Every structure is written in structure tokens, then in C-alpha cells.
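Just so it is clear, the model here is predicted, and its values are computed rather than measured. Counting starts at 1 for both ligands and their atoms, in listed order. Heavy atoms only: backbone and side chains are in, while hydrogens, waters and symmetry mates are out.
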Amino acid sequence: MKLPDIVILDEKDKRLHTVSDEVTFPLSKQDREMIHDMLLYLKMSQIEEERAKYDLRAGMGLSAVQLGVLKRIFVVVDEYEEGKFKNYVVINPKIKSFSEELIYVGEGEGCLSVNRETTGIVPRHARMTVEAQDENGKTYEIRVREDISIAFQHEIDHLNGILFTDRIDPKNPFKNADKMREI
Ligand code: NI
């Protein structure tokens, strides 16, 4: 596989704290190519040989803003079975409903734009229903849970200019851990 030629912005870049714009259809050829590149990059980052070959960090989600494109587009790639990947292309997402139950990633969330060790946890809804559009502008509704639900919330935050580190209380980075379920 050939690694897509993309540059992921670092958290110091102010664009990552900007609210992205709604997307209109049809998508430009450029945007379609960007989505393709983002999906391929994430997939390759999850394949050990490719990760080693290109010195990548494993990532599950990526938003257009992380490539400097301020549009409400994100992708998630989930290896649901050894060597099998499911792609999510999510454009103009709206959260329709979410569970009261909160969960968090025990080892802490990661982000391809945050290139340092972080301490702390982020409360996330265990389940959500999201309405969004696909790359053809077709509206769909999706129910997500557990790690996919966390990935969607992390990426929707990106579209609103929020990084996961913004959601960690530096004075109490493990606040309310006892009230949530660790995954
Ligand atoms: Ni991120």
C-alpha cells in the first residue's frame, strides 16, 4: 500500500480550535479524494507492517479539520475482525439522542494531532444515534456504541474546534471515574 500524502495538523495549530462549516453537495473531487486518503491512512495506521514501515501512530478517526480543511467531515475506520475494516464516512453529523450512561477509555484517548503523553479521562456517552450524510449527500441514521460511540464524539468535537485534552480537568484528570464505566 502507498501511504496517502497528507499532513496532519498538530494541536498547536489554531485551526484545530475553529468550528468547521456545514458541507454542501455534491462534494468536490478534492473532497472525495481527501475522504479516500483519510480512510486509507487510518487503515494503514492499524496494520502493523504499514505502521512500522511508515512510522505511523495507530488512529481510528480523523476529521477534515486535522488536514486543515474546515468542513464538517470525519471518518472512522474500525478493525472489527482481524484484517477486516469497516469505514464510516460522516458528513454534517447531528446527534439525535444519546445514552445517560457514560464511559471512558481507561488508558486515555489519543488523537493524531496530539503528539505527547496525556493524563486523564474524558466522559463519553456509551451509545448515540447520529444523523449524517454520506459522500453522496444521502442522509442516514446510525446507532453507535462503545468505542465507535467514543470515536464519533471525539470527531464531532473536532468539528466544533474541541480537542479531547480540552475536556480533561487538569486539576482533577480522573474526575468522576467512579461514576462511569471504563472500556
Ligand atoms: Ni482527534
Side-chain angles (χ1 to χ4, degrees), residues 3-23 31 34-47 50-51 54-80 85-95 98 102-128 130 132 135 142 144-170 173-174 180 182-183:
L3 188 69
D5 184 21
I6 61 172
V7 177
I8 298 172
L9 300 183
D10 181 80
E11 61 179 321
K12 290 178 205 73
D13 196 299
K14 286 194 171 56
R15 284 173 285 183
L16 288 171
H17 284 103
T18 308
V19 178
S20 292
D21 297 322
E22 288 280 318
V23 176
D31 285 343
M34 175 184 70
I35 289 168
H36 171 268
D37 285 353
M38 288 159 75
L39 289 167
L40 180 57
Y41 186 96
L42 290 177
K43 180 181 174 183
M44 288 178 72
S45 84
Q46 293 178 28
I47 299 171
E50 305 289 350
R51 187 162 67 239
Y54 292 105
D55 191 25
L56 306 174
R57 284 170 59 213
M60 194 174 178
L62 202 51
S63 292
V65 59
Q66 292 179 275
L67 275 57
V69 176
L70 295 171
K71 295 182 180 176
R72 300 184 80 78
I73 301 173
F74 73 80
V75 302
V76 168
V77 176
D78 175 37
E79 187 178 19
Y80 61 96
F85 300 87
K86 177 162 172 52
N87 291 340
Y88 299 85
V89 174
V90 186
I91 304 177
N92 298 329
K94 310 271 183 301
I95 298 172
F98 52 81
L102 297 173
I103 55 175
Y104 65 95
V105 182
E107 62 201 19
E109 286 183 30
C111 178
L112 293 173
S113 292
V114 178
N115 297 295
R116 61 183 166 93
E117 290 294 316
T118 59
T119 304
I121 55 172
V122 183
R124 303 289 193 187
H125 303 292
R127 296 166 296 284
M128 273 197 318
V130 174
E135 57 267 63
I142 186 170
V144 288
R145 57 192 77 240
E146 303 296 309
D147 54 337
I148 307 294
S149 178
I150 291 178
F152 270 52
Q153 287 163 82
H154 178 116
E155 299 308 326
I156 289 171
D157 272 353
H158 272 303
L159 306 187
N160 293 322
I162 299 165
L163 296 178
F164 81 93
T165 46
D166 299 331
R167 293 200 179 275
I168 298 172
D169 181 351
F174 296 93
M180 300 182 275
E182 177 179 346
I183 71 160

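- V122 and I168 get closest at one heavy-atom pair: CG2-CG1, 3.9 Å.
- Between R57 and I8, every side-chain heavy-atom pair lies at or beyond the 4.5 Å cut-off.
- Taking E109 as the reference, R124, H154 meet the side-chain hydrogen bond (donor to acceptor under 3.5 Å, both in side chains) condition, with sequence neighbours excluded.
- Residues L62 and I6 meet the side-chain proximity criterion, which asks for heavy atoms closer than 4.5 Å.
- Applying the ring-ring contact (aromatic ring centres under 6.0 Å, His included) criterion to Y88, with sequence neighbours excluded, gives F152.
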With a 3.5 Å cut-off and sequence neighbours excluded, list the donor-acceptor pairs that the side chains of residues 38-45 form with protein atoms.
unit_1 : atom_1 : unit_2 : atom_2 : d
S45    : OG     : L42    : O      : 2.8
S45    : OG     : G59    : N      : 2.9
S45    : OG     : G59    : O      : 3.4

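- Listed by chain and number, the protein atoms of type N/O/S under 2.8 Å from the Ni ion (ligand 1) are C111 SG, H154 NE2, H158 NE2; waters are omitted.
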